[in-house]
Amino acid sequence: MTKVAVLSDIHGNLQALRAVLDDVHRQGPDFVVCAGDLVVYGPFPNECVALVRACKIVTVMGNRDWAVAVRQPGEGYAVPVGRRREVEVGLYGWTDRTISEENRAFLAGLPRRLRLRVGQTELLVVHGTCRSPFEYLRVDDDESLFTELAEVSRADVIVAGHTHVPFWRRVGEAGGPLGEVLFANAGSVGWPKDRRPEAAYLELTVNGREVRAETRRIAYPVEETVAAMRQAGLPETLMEALTLGTEIR
């Protein structure tokens, strides 16, 4: 039996990251990986990158990691539908000014995907999907999209982040053309958006061909992160979203 801990979407929230890593240490997984987005939104981008590097956590590139790595100009910064552009661009700009060049270079060197062989099971770790770190995949999307991504990915388990909402869903069936494929979203360490403020990460247990997914929720001192955000001059709307576990408006 092998355990894999999957972190994702840390977003500069050092207090949440520390709490999750403490829990990971107690659980004692065989592998720890990260599905990207170490930076933007939270007040500790450098500290979060440094801690991930110090712990030697293998990480794939998220869409916000990419934006900071390539110094995407503010006017070209990709803003998801429904969010206030001035808030998103301002948060990117703050991180762009704050991140060290050493950490920017680290983000630039991250791979887009990671394949991990665990016994007879092949895991694929990406940020959004295997096609793009910007592509969203949600639990209620049509099964045809899941099937399409399973065909392209060619893996038994496909793990992502990006939406900040944990889920898992199985498609296909044993003996079928692709077999049964498990899609799992790790949720978010630093910025949950499922109306729960606790940090979240994914624990996979692999036993032969059987894979079990569990979302672990970890309480952390949210008020310390909020205080640091306020000191850094970040928007109040951001602090409210973090406290409530909701989308940023």
Side-chain angles (χ1 to χ4, degrees), residues 5-27 29 32-55 57 59 62-65 68 79-80 82-84 86-99 103 127 138 160-167 185-203 214-249:
V6 186
L7 284 55
S8 190
D9 295 276
I10 296 165
H11 287 292
N13 189 335
L14 183 63
Q15 287 78 7
L17 177 58
R18 284 173 172 165
V20 163
L21 290 177
D22 285 346
D23 189 72
V24 168
H25 179 73
R26 288 190 293 270
Q27 297 303 311
V32 183
V33 298
C34 180
D37 267 9
L38 306 184
V39 298
V40 181
Y41 301 144
F44 297 108
N46 285 307
E47 292 83 351
C48 287
V49 173
L51 185 51
V52 167
R53 295 176 66 184
C55 293
I57 298 173
T59 303
N63 58 308
R64 298 311 180 208
D65 301 324
V68 172
V79 176
R83 298 192 202 167
R84 291 167 55 191
E86 65 273 19
V87 172
E88 288 279 333
V89 172
L91 292 169
Y92 162 76
W94 184 90
T95 304
D96 182 59
R97 295 188 299 272
T98 303
I99 198 82
N103 286 334
H127 182 66
R138 298 179 174 88
H162 195 36
T163 66
H164 299 212
V165 178
F167 75 81
N185 191 296
S188 175
V189 170
W191 220 273
K193 295 180 181 177
D194 56 351
R195 297 191 176 277
R196 293 187 58 176
E198 305 98 337
Y201 76 98
L202 177 71
E203 184 178 80
E214 177 188 354
T215 300
R216 294 191 60 81
R217 307 300 300 235
I218 311 299
Y220 74 96
V222 178
E223 67 281 358
E224 292 183 12
T225 303
V226 168
M229 292 166 65
R230 186 167 285 116
Q231 185 174 8
L234 298 176
E236 288 288 335
T237 54
L238 196 66
M239 303 172 207
E240 180 182 8
L242 178 65
T243 303
L244 297 176
T246 60
E247 185 65 80
I248 302 163
R249 299 298 181 189

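In what follows, residues are counted from 1 in the order of the sequence shown. Values below: every heavy atom of this structure, side chains too, minus hydrogens, waters and symmetry copies.
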(request) Measure across P166 and T215 and return the closest heavy-atom pair with its distance rounded to 0.1 Å. (result) CB-OG1, 3.6 Å
(message) Tell me if the CD atom of E240 is crowded by more than 12 foreign heavy atoms within 6.0 Å.
(response) no
(message) So, taking the atom named CE in M229 and the one named CD in E224, what distance separates them when rounded to the nearest 0.5 Å?
(response) 13.5 Å
(message) Under the criterion side chain to side chain contact (heavy atoms under 4.5 Å, CB included), I'd like the reasoning laid out for N103 against V39: C-alpha separation, chi angles, the key distance, then a yes or no.
(response) CA-CA 10 Å; N103 286 334; V39 298; over 6 Å; no
(message) Counting neighbours of CZ on R18 that are heavy atoms of other residues, nucleotides or ligands and sit closer than 6.0 Å, is the number greater than 12?
(response) no
(message) Whether the side chain of H164 engages the backbone of W191 through a donor-acceptor N/O pair (distance < 3.5 Å, no angle test) should be reported.
(response) yes
(message) With rounding to the nearest 0.5 angstrom, report the CG to OG1 distance, L14 to T225.
(response) 8.0 Å
(message) So V33 and T59, do their side chains get closer than 4.5 Å, heavy atoms only?
(response) no
(request) Looking only at non-hydrogen atoms, find the nearest pair between Y220 and A16 and report the distance. (result) CD1-N, 3.6 Å
(message) On a heavy-atom basis, which atom in G161 and which in S8 lie closest, and how many Å separate them?
(response) CA-OG, 3.4 Å
(request) Grab the two heavy atoms, one from A219 and one from A19, that are nearest each other, plus how far apart they are. (result) O-CB, 3.9 Å
(message) Restricting to non-hydrogen atoms, name the atom on V40 and the atom on T95 that form the minimum distance, rounded to 0.1 Å.
(response) CA-OG1, 3.5 Å
(message) I need the H25 NE2 to D22 CG distance, nearest 0.5 Å.
(response) 8.5 Å
(request) Enter the distance from D9:CG to H127:NE2 here, rounded to the nearest 0.5 Å. (result) 4.5 Å
(request) Taking the side chain as every heavy atom from C-beta outward, state whether C55 and V32 have any atom pair closer than 4.5 Å. (result) no
(message) Tell me if a side-chain donor or acceptor on N13 pairs with a main-chain N or O of G190 at a distance below 3.5 Å.
(response) yes
(request) Nearest 0.5 Å please: distance from the SG atom of C48 over to the CD atom of Q15. (result) 8.0 Å
(message) Does D96 form a side chain to side chain contact (heavy atoms under 4.5 Å, CB included) with W94? I'd like the steps, not just the answer.
(response) CA-CA 5 Å; D96 182 59; W94 184 90; over 6 Å; no
(message) Determine whether E88 and R64 satisfy the following criterion, side chain to side chain contact (heavy atoms under 4.5 Å, CB included), listing intermediate values before the conclusion.
(response) CA-CA 11 Å; E88 288 279 333; R64 298 311 180 208; 3.5 Å; yes
(request) Determine the minimum heavy-atom distance between P197 and P192, stating which atoms define it. (result) O-CG, 4.2 Å
(message) So does P235 get a backbone contact from the side chain of T237, meaning a donor-acceptor N/O pair under 3.5 Å?
(response) no
(message) Closer than 3.5 angstrom, by distance alone: can the side chain of D194 be matched with the main-chain N or O of V165 as a donor-acceptor pair?
(response) no
(message) Please determine whether side chain to side chain contact (heavy atoms under 4.5 Å, CB included) holds for the pair L7 and L17, giving the CA-CA distance in whole Å, both sets of side-chain angles, and the decisive distance to 0.1 Å.
(response) CA-CA 9 Å; L7 284 55; L17 177 58; 4.0 Å; yes
(message) With a 4.5 Å cut-off on side-chain heavy atoms, are L242 and L238 touching?
(response) no
(request) Measure up the Y41 and H11 rings against each other and bin them: parallel (under 30°), tilted (30 to 60°), perpendicular (over 60°). (result) tilted
(request) Drop me the distance from L21's CG to I218's CD1, to the nearest 0.5 angstrom. (result) 10.5 Å
